[in-house]
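By convention in this document, chain letters (A, B, ...) are assigned in the order of the sequence lines, proteins followed by strands, and residues within each chain are numbered from 1.
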Amino acid sequence: MAILEVKNLKKSFDDTEVIRDISFTMDEGETLTIIGSSGSGKTTLLRCLNFLERPDSGVIRVKDEVLFDSDITGTVSEKDIRNRRLHFGLVFQSFNLFPQYTALENVTLAPLLLAKENTGIDLPAIEENARGLLDDMGLSDRMGNYPHELSGGQQQRVAIARALALHPDILCFDEPTSALDPELTGEVLRVIKDLAGHNMTMIIVTHEMSFAHDVSDKILFMDKGVIAEEGTPEEVIDNPQNDRTIQFLANYKNGM
Amino acid sequence: MALTVTLTLLEGFLQTIRLFILTLLFALPLGLVISFGSMAKAQAVRVPIRFMIWVIRGTPLMLQLLVIYYGPGIIMKSNVWGSGDTGRFIAALVAFVINYSCYFSEIYRGGIQSIPVGQYEAGQVLGMTKHQIFFKVVLLQVIKRIVPPISNEIITLVKDTSLARVIAVYEIIWKGQSFIKSAGIIWPLFYTGVFYLLFSGLLTLLFGFVEKKLSYFR
């Protein structure tokens with residue numbers, strides 16, 4: 001059963017059509033990777049899924065619940081948007097940790113605020129869960145440190161733990177290693193690979209081709225706001241059919 | 001003589017401090033309201049607020065004191081400020097609050113707009129409300145950034161209070177100067193400088209402490 005269904009999604013900024021007509025589905029436990037050159041609409045697509053941008057038209061459905069449908073008009077309350085948005089988690093390129101909180105507090109802040117609104121949630125369990133997540137990220141000795149005391153790779157791993165703490169159905173990554181030194185990239189990719197091994201449902205926008213090849217169940221190649229090619233890593237990366245995909249991957253190999 | 005002078009100057013200094021503290025008490029929060037107005041999406045709010053900030057920052061505080069004190073009497077033919085020392089003090093306070101809240105509002109606006117948009121977006125994708133994002137994520141970062149410019153402005157306020165003498169609010173310099181006429185001595189005037197120095201020194205220490213308290217994060 002598809003956990004996510006995106007149908008005919010469109011988004012323009014002023015006169016520029018960034019996402020032209022995108023439809024795809026993904027299954028629970030799948031890792032979907034989106035590749036493509038800058039400006040192809042990858043990041044905007046993720047931002048639409050996370051309600052940071054409002055699509056102009058289309059439908060987004062998670063577990064058969066309609067999260068967004070441009071044909072249904074009427075205002076949606078802020079509370080509803082928040083509840084819908086919690087189906088997704090997002091890890092940013094620039095981490096965006098909260099600088100005044102420790103690693104542990106970064107992870108517990110949002111769950112504690114949510115718990116305040118719903119009674120019957122076990123507060124110590126939130127901290128225990130956060131400690132467990134940071135432990136899984138290999139940060140058990142960094143929980144009390146502030147973001148500026150951590151390396152970029154450590155910060156990004158805290159950000160991943162922070163997103164996981166809210167138990168999203170689908171975790172999105174927006175170029176999670178693009179702001180990192182090459183030697184720190186590996187530690188973040190390892191963590192993501194680990195999550196894939198535990199059947200976390202993930203959508204990853206990345207420029208790391210060999211990583212995409214290793215970790216993905218499915219790859220979308222985006223070009224000028226449309227999905228130009230999709231398939232398994234073997235199909236899209238090893239045996240591309242579309243001219244644009246071939247050209248993009250060739251540029252990639254030349255750059256290496 | 002030295003004792004008389006000290007006591008007289010202390011009396012004037014009390015007036016200076018009163019004006020200083022009351023100005024801060026009203027202008028610090030009012031400045032936040034004005035800064036939200038100056039960032040409002042609605043032009044009908046933003047444009048007049050920005051215009052007011054431009055007028056207030058673009059004209060001397062001395063002129064504003066005179067206009068606010070004498071203006072209502074000339075236009076409405078009535079003294080809205082009440083009579084005597086209290087009336088003049090209230091007029092001075094109103095002028096200072098308007099002037100300083102405009103300056104503070106620009107500092108707040110700079111602080112708020114310097115917070116990266118990623119901080120708001122991170123809060124949003126974590127399901128936080130606008131209110132929670134402002135108070136739990138953004139506010140402390142804004143405070144950290146505005147402490148240096150605000151402390152600069154506050155130390156300027158200590159000295160600006162002396163302008164209130166233009167509408168005969170008997171602050172410390174007025175008192176010091178009075179000895180020139182009454183006793184033919186000028187040193188009490190210089191002595192007033194010691195009060196300002198000590199007080200601004202105290203404030204400098206205080207703000208240094210606050211900055212240090214907030215240095216645990218970047």
Worksheet item: How long is the gap from CG on B:Leu140 to CZ on A:Phe98, to the nearest 0.5 Å?
Response: 13.0 Å
Worksheet item: Would a distance-only check, ignoring hydrogens and angles, find a side-chain to backbone donor-acceptor pair under 3.5 Å from A:Arg85 to B:Gly127?
Response: no
Worksheet item: When heavy-atom pairs shorter than 4.5 Å are enumerated against chain B, which of A:Pro99, A:Pro168, A:Ala165 gives the highest number?
Response: A:Pro99
Worksheet entry | Spacing of A:Ile81 atom CD1 and B:Thr129 atom OG1 [to the nearest 0.5 Å] | 13.0 Å
Worksheet item: Which atoms of A:Tyr101 come close to chain B, meaning under 4.5 Å heavy atom to heavy atom: side chain ones, backbone ones, both, or neither?
Response: side chain
Worksheet, complete the sentence: Output for pair (B:Met128 CE, A:Leu109 CG), nearest 0.5 Å, gives 4.5 Å
Item to complete: Pick one of side chain, backbone, both or neither for B:Lys136, based on which atoms fall under 4.5 Å of a heavy atom in chain A.
Response: both
Response to the item:
Honestly, the part of A:Arg47 sitting under 4.5 Å from a heavy atom of chain B is side chain
Item to complete: Enter the distance from B:Arg218:CZ to A:Tyr146:OH here, rounded to the nearest 0.5 Å.
Response: 13.0 Å
Discussion item. Tell me if a side-chain donor or acceptor on A:Gln100 pairs with a main-chain N or O of B:Val137 at a distance below 3.5 Å.
Written reply: yes
Worksheet item: Short question: side chain of B:Gln119, backbone of A:Leu97 - any donor-acceptor pair under 3.5 Å?
Response: yes
Item to complete: Could you tell me which portion of A:Leu113 (side chain, backbone, both or neither) has an atom closer than 4.5 angstrom to a non-hydrogen atom of chain B?
Response: both
Discussion item. Under 4.5 Å from any heavy atom of chain A, what part of B:Gln124 do you find: side chain, backbone, both or neither?
Written reply: both
Item to complete: Please round to the nearest 0.5 Å and tell me the distance separating atom OH of B:Tyr216 and atom NE2 of A:His148.
Response: 10.5 Å
Item to complete: Verify the neighbour count for atom CD of B:Gln43: are there more than 12 heavy atoms of other residues, nucleotides or ligands below 6.0 Å?
Response: no
Item to complete: Going by the side-chain contact (heavy atoms from CB on, under 4.5 Å) test, name the single residue among A:Val91, A:Leu166, A:Leu90, A:Asn96 that passes it with B:Val125.
Response: A:Leu90
Item to complete: Tell me, for A:Phe92 versus chain B, whether the close heavy atoms (under 4.5 Å) come from the side chain, the backbone, both or neither.
Response: side chain
